[in-house]
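So the structure is just underneath, and the comments pick up after that.
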Amino acid sequence: MPRDQSESIILRTFPIGDQDKLAVFFGRQRGIFKGIAKGARKFGNRFGSSLEPMSHVTAFYYEKEGKELVTVSGCDLLESFFELQTDLEVSFTLGYFAELIEDSRPSLTEDDVLFRLLLQLLQALKAGGDLKLLTAYFEVWFLKLNGFLPELDRCRGCRQDITETGWLSHKRDGAYCDGCAPSRKEEVTQDLLAFLEWVRKNPPSKEYDVPFTRTQVDAMRRVLKDLIVFSMERTPKSLSYLDRPS
Ligand SMILES: [Zn+2]
């Protein structure tokens, strides 16, 4: 049986029996796939820390036709993000990224853009980047790449540019200007429109180099989260941990 390999990021693992682990991989060339790592729970096993969540690895595996799970024979660590997991809030946030990617991306497809985005975000976080800003950055791109980010800068009613406050449409397929809005629940602010433009033009960075305050970023995330919940037709499980009152 030929051995395949895939540059991947580990999204999560869970124990199988006493000795093995099941790992969910996000492969640069093949999207989401799952594999059994035999013996990964044994002391001193050959996988070492390569199966920790968000590890950037080259995974080696055997695949049998018709089987959903591959057999992982080895995993070379390219870059570890283990230290990020020691902060509970960062760890929950990474779980949120993983949940969104796993639930929305089809298997066996090349996904270079989202893969690079996740890797760059991990590197920015490791270098001390701002968690809330980078989370909002991820949410914008996640929505965009999945086709869930509607046109928000032009009114669905009168087709004029929204130059002051706009309101998200009930079906989340666009926004209305103040004059046309049938209901006013989620506010589409000029800040949000400027932030979407900023995200489109700038890489994720470890500096807090946006012209927006943290309070503004928090406020914009309400609309982004609303769009994510709507597009996934449920609240991501990890989001309920993240948003719990502290
Ligand atoms: Zn209008």
Side-chain angles (χ1 to χ4, degrees), residues 92-93 96-97 99-106 109 111-118 120-121 124 129-205 207-245:
F92 281 145
T93 304
Y96 171 55
F97 293 178
E99 184 181 351
L100 292 190
I101 293 172
E102 186 181 340
D103 279 19
S104 64
R105 308 309 289 185
T109 54
D111 215 337
D112 195 43
V113 180
L114 190 63
F115 187 91
R116 273 187 292 129
L117 173 73
L118 180 59
Q120 283 179 349
L121 281 169
D130 186 86
L131 182 63
K132 292 278 166 62
L133 174 64
L134 292 170
T135 304
Y137 189 97
F138 174 83
E139 289 170 327
V140 171
W141 274 109
F142 174 80
L143 288 165
K144 232 180 197 336
L145 293 171
N146 283 290
F148 297 144
L149 190 65
E151 183 185 53
L152 295 175
D153 55 357
R154 192 186 294 187
C155 175
R156 284 188 61 74
C158 63
R159 305 304 298 159
Q160 305 281 332
D161 286 348
I162 295 174
T163 53
E164 288 170 31
T165 293
W167 300 91
L168 195 62
S169 70
H170 180 62
K171 288 185 186 159
R172 275 72 161 189
D173 53 359
Y176 289 99
C177 73
D178 208 33
C180 299
S183 66
R184 292 172 174 74
K185 193 160 171 260
E186 292 298 348
E187 198 175 348
V188 177
T189 60
Q190 289 298 308
D191 288 343
L192 176 62
L193 297 179
F195 183 67
L196 297 180
E197 190 59 16
W198 184 89
V199 167
R200 200 171 63 79
K201 289 182 179 161
N202 291 277
S205 143
E207 311 295 338
Y208 196 90
D209 53 1
V210 279
F212 308 99
T213 64
R214 289 179 168 82
T215 313
Q216 283 172 316
V217 171
D218 272 352
M220 296 170 202
R221 285 197 56 217
R222 276 175 52 90
V223 171
L224 298 174
K225 281 190 277 188
D226 183 275
L227 287 168
I228 284 171
V229 169
F230 186 79
S231 62
M232 295 182 76
E233 299 175 344
R234 64 177 180 84
T235 302
K237 272 180 249 144
S238 44
L239 197 57
S240 38
Y241 289 112
L242 266 183
D243 289 345
R244 77 204 182 291

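As the structure lists them, so they are numbered: ligands from 1, and atoms in each ligand from 1. Note that the structure is predicted; figures quoted are calculated from it, not measured. Below, each value reflects all heavy atoms present in this structure, side chains not excepted, and no hydrogens, waters or symmetry copies.
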If you count every protein N, O or S atom closer than 2.8 Å to the Zn ion (ligand 1), you should arrive at 4
I'd like to check the side chain to side chain donor-acceptor pair (under 3.5 Å) partners of Gln216; sequence neighbours left out, ordered by chain and number. Asp191, Thr213
Specify whether Phe138 and Phe142 have parallel, tilted or perpendicular ring planes, treating 30° as the upper limit for parallel and 60° as the lower limit for perpendicular. parallel
Ring pair (Phe, Tyr, Trp, His ring centres under 6.0 Å) pairs touching residues 159-189, sequence neighbours excluded, are none
Cation-pi, Tyr208 ring and Arg214 (6.0 angstrom, 45 degrees): yes
Tell me, please, which residues at least two apart from Glu197 pass side chain to side chain donor-acceptor pair (under 3.5 Å). Arg200, Lys201
So, are Glu139 and Lys225 salt-bridged, with charged N and O less than 4.0 Å apart? no
